[in-house]
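Below: the structure, in structure tokens.
Within every chain, numbering begins at 1; the chains are lettered A, B, ... in the order of the sequence lines, protein sequences first and strands thereafter. The shown structure was predicted, so the numbers you read here are calculated from the model rather than taken from an experiment.
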Amino acid sequence: MNNQMKPSNLSKPSDCLCHIEPGELSPLPAPYEDFNQVTIPPLNPEKVKHLETSLDDTIAIGIPKPANKEEEEALVLRFLSGLKKLFEKENNWTFLQPLMLSMEHCAKCQTCSNACPVYEMSGRKDIYRPMFRAEVLRRIYKKYLKPGGKITAKLTGDIDLNWTTIARLAELSYRCTLCRRCATVCPIGVDNGLITHEIRKLFSQEMGIAPKELHDKGTVQHLRVGSSTGMNPLAAKDSVEFIQEEMEEITGYKVEIPWDVEGADILLIHNAGEMLAWPENVGAFATIFQAAGLSWTLSSEAVGYDAVNYGLWYDDVQFSRVAVRHADIARRLKVKKIVMGECGHAHKALTVIADRLLTGDLNLPRESAMVTLEEIVRSGKLQFDPLRNDFPVTLHDPCNMVRSMGIVEPQRRILRKIAPGFREMTPHGVENYCCGGGSGFAIMSGYNFAQWRNLVGSRKKFLQILNAFEGEPREAPKYVCAPCSNCKGAIRDIINYYHAEERSRLYYGGLVELIVNAMVDMKKPMIRFGDEPSWRS
Amino acid sequence: MGFYLLSYLCIFVFILATAYRIYRQITLPIHVRWELYPVQHETAARAAYGGSYLEEVNWWEKTHKRSLFNELRYMLPEILFIRGLWKENRSLWRISFPFHFGLYLMIATSGLLVVHALVILGSDYPAAPGGTIKSLLDGLIVVTGWTGLVLGNIGSLGLLSKRWTEPELRNYSSFSDYFNILFIFLFFVSALAAAVFTDPLLVGAKAYAFGLLTGGLPLNGYAPGQSIAGGVAIVSASLLAAYIPLTHMSHMFMKYFLYHKVKWDDAQNRRGGRIEAAIMENLELKPTWRANHVDADGRKSWRDIASSAPKEK
Amino acid sequence: MPNPKRILIVDDEPDIRTYLSTLLGDQGYETLQAKDGEEAMQKVQAGPPDLITLDISMPEKSGIRFFREMKTDDRWKHIPIIIVTGVSEDFKKFISSRHQVPAPEGFVSKPINQEEIMNLVHSLIK
């Protein structure tokens, strides 16, 4: 393939700037060699004939082709006006300083490239280098918005700005999961993940261009209906009622799930996707909190039962709206603190990012469920039989919770206490690899994007998981503990895609399920491997 | 005198450009948190694995223990030995380290030259002073100067050839990337040539520093530019001082902001505190983003917009 | 048609009700409409339909509650229900694997694919 890719190539017309040939992706070990020649299936030409598809083998947004030259030129101007706004405090006070610092100090040493799982797994395709899109933006900014830029561009790096450049750059900003592993290794402290984030914002906030899963069905639906799942408050409550009843059947322990209890100590907010895709997680939380005697509640107010904040990934305005709603609901419920359920990006959104947005009585305490759970496990209020979890367990570190928040050890201290078969992945903690579902990818599956994610984005994680269980017999069930809804979504998809349940007996789930599974008070096991219970009563 | 005038002008530009860069940073509005762990001012136990105060139950009720010692223990080898690059990109470190350390030694040598000049001024100039301090300085200047020049030449040549020969660097390099290294190499090579061929004890450098501090007084009959190499070294060093803060090479000191104001900025917003006041100011800013859902009209503030619903399509 | 089959369309969005009503009406079905689970239950009690299309997120009474009431009541549980919803794909698996209720007879995601829903309706009420 093309080994002479340069940032300026982004504006040169071609049908497909970067194509992955069979055999180019990083090889998988036995028994998955049959996937080594598999590559991303071509887009259906009928379905995408009116869309911009010239970047690579997939599309994440599906940007409509402009009707004519005039429309193209108008879009280019609109892009430039948005780019200018990224550097204005009125428009971008939220990230202005980090953005300026990262834009001005890259030494182009490529240390970041080796840290990026997408770049590495893709067969080292240049366009996926963390600094590639940053360098494109840097060149456009210097050439078109700095005085004398057209002349200095010849010296500092040139690029042509046309509609192709822009359409490709928009798509390219959705080939990075914002895991920020590149930023941790940068010797200078430049953050290419941040620049990707800012590119996404420019497209959304100025041009109204964003993947529909994040915007229309995401934040817009979240704010309008109450949840990005599409469940309104009644539907959410009625769904949870099922699982409340089923918990007694599953574990033999009866739970009551409290709603809208004013003055409770804790407002627990789940990712509402959890209620539908992994309802046992919601039930397990209730079991633990009830058994530990906590004063807690869920909220049934619109937005209050869905912790997600997709704005974190692409739009500061939508981000602010969701965060303010979350905080306001907790304020009116008069709870002492908000506890974030097993959802990594929601953790970071409300705890860290919104910390410099919420003022006065909206700024109320927020805590990670990892911490709350560790306190319960350590308190001695619950009795455990760790042998009930006597199977191989590994832990996935959600980037937002670990690398971006420093919540690393509480979940490990719990696992060491309740899961004798716990082992780490390599590397782990703040050096972990993304699941491939970060920054919205786990919920994006239009066109053939899910295949791109499974084959390229999640490939490194899949290798890491296989590696963590190396030496275990094939027929032994293995548990990947991923305390994050989006990570679970991505891991579920790789297990299905690579038939890893059949071939390696890989199962996955959250942390609370493991905790409940080891609780002595449970008459029956919480965790099952297919039809097989994890322990017998 | 032309040499001195150029040096004064360049030092003036250096101060102005550096001050401007720093001024611009400290007057920017407070931004949202975007820290990245490990954050090195955490306690040693936590920094070791990248933990944060958010790992504690009810963290907001506790005082956040920070460790300056731990931060310095990390920063020193990072700054001096470029430890990050050692860990993540060893082959580049092998040339980047001599390059940077060479530059550091040049800065150290400049400092020693100034001290040397001050010592002379403190004694009864023009009689050459003696004594242990002077001998110590003479010795140090030779050691730091020579080591720095040798390392700097190895490093800049190495960087130049690596950037030119490796596609992953070359494909992303522009004219200015080569120019910058060449510029630095020009200084290193001319200064080394001057030292090797005419001035192994760096007498000229000492005299030039003395002249700089005294408006051009000659020391032991020195006049700048006696050798071509020495003249080129003075001119290129002066121009570099002015040039570096104008480019991305300002990361030498701007790294402070990249780390302390972003990567390690984990300061909490407490009710009634300084951060809250700064946020309140930001929330009054009026955005003009044009996408429909934002619903900005130039009159609504961030506060208004954040507490509203997106405009329906 | 002498004795047309009756279909109850339950959705809080008038546009969807009108759309489905026109679509099904054109195929000779008699259609009834309800704007939420509460009204739908009244319509069922007034005279059970042959099939129900059911939205999930609705005010007063959600589609989940209504579905549960229908499928646990011996009088109505034989009436086929097609869930027509914008709720995420995971919902299908969720509602189909609950212990308390049988799986819904049909499932259609919004935006509605005309052919998909017509095929389902035809196959469920011959």
Side-chain angles (χ1 to χ4, degrees), chain A residues 3-7 85 89-91 93-98 101 104-111 135 155-157 180 183-185 187-189 194 204-208 220 223 317-318 320-321 324 351-353 355-357 359 363 365 368 371 375 403-410 429-430, chain B residues 25 28-34 36-39 49-52 54-57 60 82 84-85 88-89 92 167-169 171-177 248 251 254-255 257-259 261-263 268-269 271 275-276 279-280 282 285-294 305-307 309-310:
Chain A
N3 290 322
Q4 291 301 315
M5 184 73 72
K6 295 175 178 178
K85 287 174 194 177
K89 72 172 184 180
E90 291 74 19
N91 283 304
W93 63 268
T94 44
F95 285 94
L96 182 55
Q97 188 173 31
L101 287 166
E104 287 172 13
H105 296 100
C106 174
K108 298 181 234 170
C109 72
Q110 299 292 2
T111 306
E135 183 59 19
L155 308 174
T156 60
R180 299 175 73 208
T184 58
V185 304
I188 292 170
L194 170 84
S204 178
Q205 295 173 185
E206 186 71 1
M207 306 177 77
V220 172
L223 290 161
V317 174
Q318 295 294 80
S320 316
R321 286 172 171 151
V324 166
T351 318
V352 174
I353 310 295
D355 193 42
R356 302 241 176 110
L357 184 72
T359 57
N363 181 11
S368 162
V371 175
E375 177 77 358
R403 189 156 35 245
S404 292
M405 284 180 77
I407 297 175
V408 186
E409 273 295 309
V430 291
Chain B
Q25 288 300 319
L28 285 173
I30 194 166
H31 56 84
V32 297
R33 277 165 62 181
W34 193 248
L36 199 58
Y37 290 84
V39 166
Y49 63 81
S52 75
L54 297 170
E55 288 187 329
E56 273 185 64
V57 167
W60 52 92
I82 331 234
L85 203 61
E88 306 295 344
N89 195 345
L92 182 57
E168 75 165 353
L169 297 176
N171 287 340
Y172 295 86
S173 299
S174 60
F175 170 81
S176 67
D177 295 311
H248 78 84
H251 67 242
M254 294 300 283
K255 207 168 156 176
F257 293 98
L258 281 147
Y259 276 69
K261 292 294 159 195
V262 183
K263 218 175 157 177
Q268 309 144 25
N269 167 21
R271 283 193 204 175
I275 293 177
E276 187 178 64
I279 299 166
M280 305 256 235
N282 288 348
L285 293 168
K286 297 177 173 65
T288 56
W289 292 107
R290 275 161 74 194
N292 272 339
H293 70 270
V294 177
I305 289 171
S307 49

### Query
What residues, two or more places apart in sequence or in another chain, satisfy ring-ring contact (aromatic ring centres under 6.0 Å, His included) together with B:Trp289?
none
### Query
Measuring heavy-atom distances to chain A, does B:Gln268 have an atom under 4.5 Å in its side chain, in its backbone, in both, or in neither?
both
### Task
For each of A:Pro365, A:Gly208, A:Gly157, tally heavy-atom pairs with chain B at distances under 4.5 Å, and name the one with the top tally.
A:Pro365
### Task
State whether the side chain of B:Lys255 and the backbone N or O of A:Pro187 hold a donor-acceptor pair below 3.5 Å, judged by distance alone.
yes
### Query
Who passes side-chain hydrogen bond (donor to acceptor under 3.5 Å, both in side chains) against A:Ser320, sequence neighbours left out?
none
### Query
Does the side chain of A:Arg321 reach to within under 4.5 Å of the side chain of B:Pro310, using non-hydrogen atoms?
yes
### Task
Check each atom of B:Ile275 against the heavy atoms of chain A and say whether the ones under 4.5 Å are side chain, backbone, both or neither.
side chain
### Query
CD of A:Glu104 to NE2 of B:His248: how many Å apart, nearest 0.5 Å?
11.5 Å
### Task
Specify the closest pair of heavy atoms between A:Cys109 and B:Leu92, including all atoms of both residues, with the distance to one decimal.
CB-CD2, 3.4 Å
### Portion of B:Val262 that has a non-hydrogen atom of chain A nearer than 4.5 angstrom
side chain
### Message
Tell me which one of A:Val408, A:Thr184, A:Val430 satisfies side-chain contact (heavy atoms from CB on, under 4.5 Å) with B:Pro38.
### Response
A:Val430
### Summary
All heavy atoms of A:Trp93 vs all of B:Pro29, minimum pair found to be CB-CG, 3.9 Å
### Task
Would you mind telling me which of B:Ile30, B:Leu85, B:Val32, B:Val39 has the largest number of heavy-atom pairs within less than 4.5 Å of chain A?
B:Val32
### Which atoms of B:Tyr259 approach chain A - backbone, side chain, both or neither, heavy atom under 4.5 Å
side chain
### Task
Could you check which of A:Leu223, A:Asn363, A:Val317 has the highest count of heavy-atom pairs closer than 4.5 Å to chain B?
A:Asn363
### Task
Indicate yes or no: at least one non-hydrogen side-chain atom of B:Leu169 is less than 4.5 angstrom from one of A:Gln110.
yes
### Message
Once rounded to the nearest 0.5 Å, what's the spacing between atom OG1 of A:Thr359 and atom CG of B:Asn269?
### Response
7.5 Å
### Task
For chain A, find which of B:Asp177, B:Asn89, B:Asn282, B:Ile82 contributes the most heavy-atom pairs closer than 4.5 angstrom.
B:Asn282
### Task
Determine whether A:Lys108 and B:Ser173 make a side-chain contact, defined as any pair of heavy atoms from C-beta on separated by less than 4.5 Å.
no
### Query
Can you name the closest pair of heavy atoms from A:Val324 and B:Ala306 and give their distance?
CB-O, 4.0 Å
### Task
Please state whether the side chain, the backbone, both or neither of B:Leu54 comes within less than 4.5 Å of a heavy atom of chain A.
both
### Query
Any ion pair linking B:Arg290 and A:Glu206 (charged N to carboxylate O, less than 4.0 Å)?
yes
### Query
What distance separates B:Leu285 CG from A:Thr94 OG1, expressed to the nearest 0.5 Å?
10.0 Å
### Message
Taking side chain as everything from C-beta outward and backbone as N, CA, C, O, which of these in A:Ser368 sits under 4.5 Å from a heavy atom of chain B? Side chain, backbone, both or neither.
### Response
neither
### Task
Between chain A and each of B:Glu55, B:Lys261, B:Met280, count heavy-atom pairs under 4.5 Å; write down the option with the most.
B:Glu55
### Task
Select, from B:Glu276, B:Arg271, B:Glu88, the one with the greatest count of heavy-atom pairs under 4.5 Å involving chain A.
B:Arg271
### Message
Could you go through A:Leu101 and B:Met254, starting from their C-alpha distance and side-chain angles, then the distance that decides it, and tell me whether this counts as side-chain contact (heavy atoms from CB on, under 4.5 Å)?
### Response
CA-CA 8 Å; A:Leu101 287 166; B:Met254 294 300 283; 4.1 Å; yes
### Contact leader toward chain B among A:Arg180, A:Glu409, A:Glu135, where contacts are heavy-atom pairs under 4.5 Å
A:Arg180
### Message
Looking only at heavy atoms and a cut-off of under 4.5 Å, which of A:Pro98, A:Gly429, A:Pro7 has the most pairs with chain B?
### Response
A:Pro98
### Query
To the nearest 0.5 Å, what is the distance between CG (B:Asn292) and CE (A:Met207)?
13.5 Å
### Task
Test side-chain contact (heavy atoms from CB on, under 4.5 Å) on A:Val371 and B:Glu56 and set out the steps.
CA-CA 6 Å; A:Val371 175; B:Glu56 273 185 64; 5.8 Å; no
### Query
Between A:Ile188 and chain B, which part of the residue has a heavy atom less than 4.5 Å away: side chain, backbone, both or neither?
both
### Message
Quick check on A:Val185 against chain B: is it the side chain, the backbone, both or neither that has a heavy atom closer than 4.5 Å?
### Response
both
### Task
Measure B:Lys286 against the heavy atoms of chain A and call it side chain, backbone, both or neither at under 4.5 Å.
backbone
### Message
At a heavy-atom distance under 4.5 Å, which candidate from B:Ser307, B:Pro287, B:Gly84 has the highest pair count against chain A?
### Response
B:Pro287
### Query
With a 4.5 Å limit on heavy-atom distance, are the side chains of A:Glu90 and B:Thr288 in contact?
no
### Query
Between B:Ile305 and chain A, which part of the residue has a heavy atom less than 4.5 Å away: side chain, backbone, both or neither?
both
### Query
Based on non-hydrogen pairs under 4.5 Å, which of B:Phe175, B:Tyr49, B:Tyr37 is most in contact with chain A?
B:Tyr37
### Message
Could you tell me if A:Arg356 sits above the aromatic ring of B:Trp34, with its cationic atom closer than 6.0 Å to the ring centre and no more than 45 degrees from the axis?
### Response
no
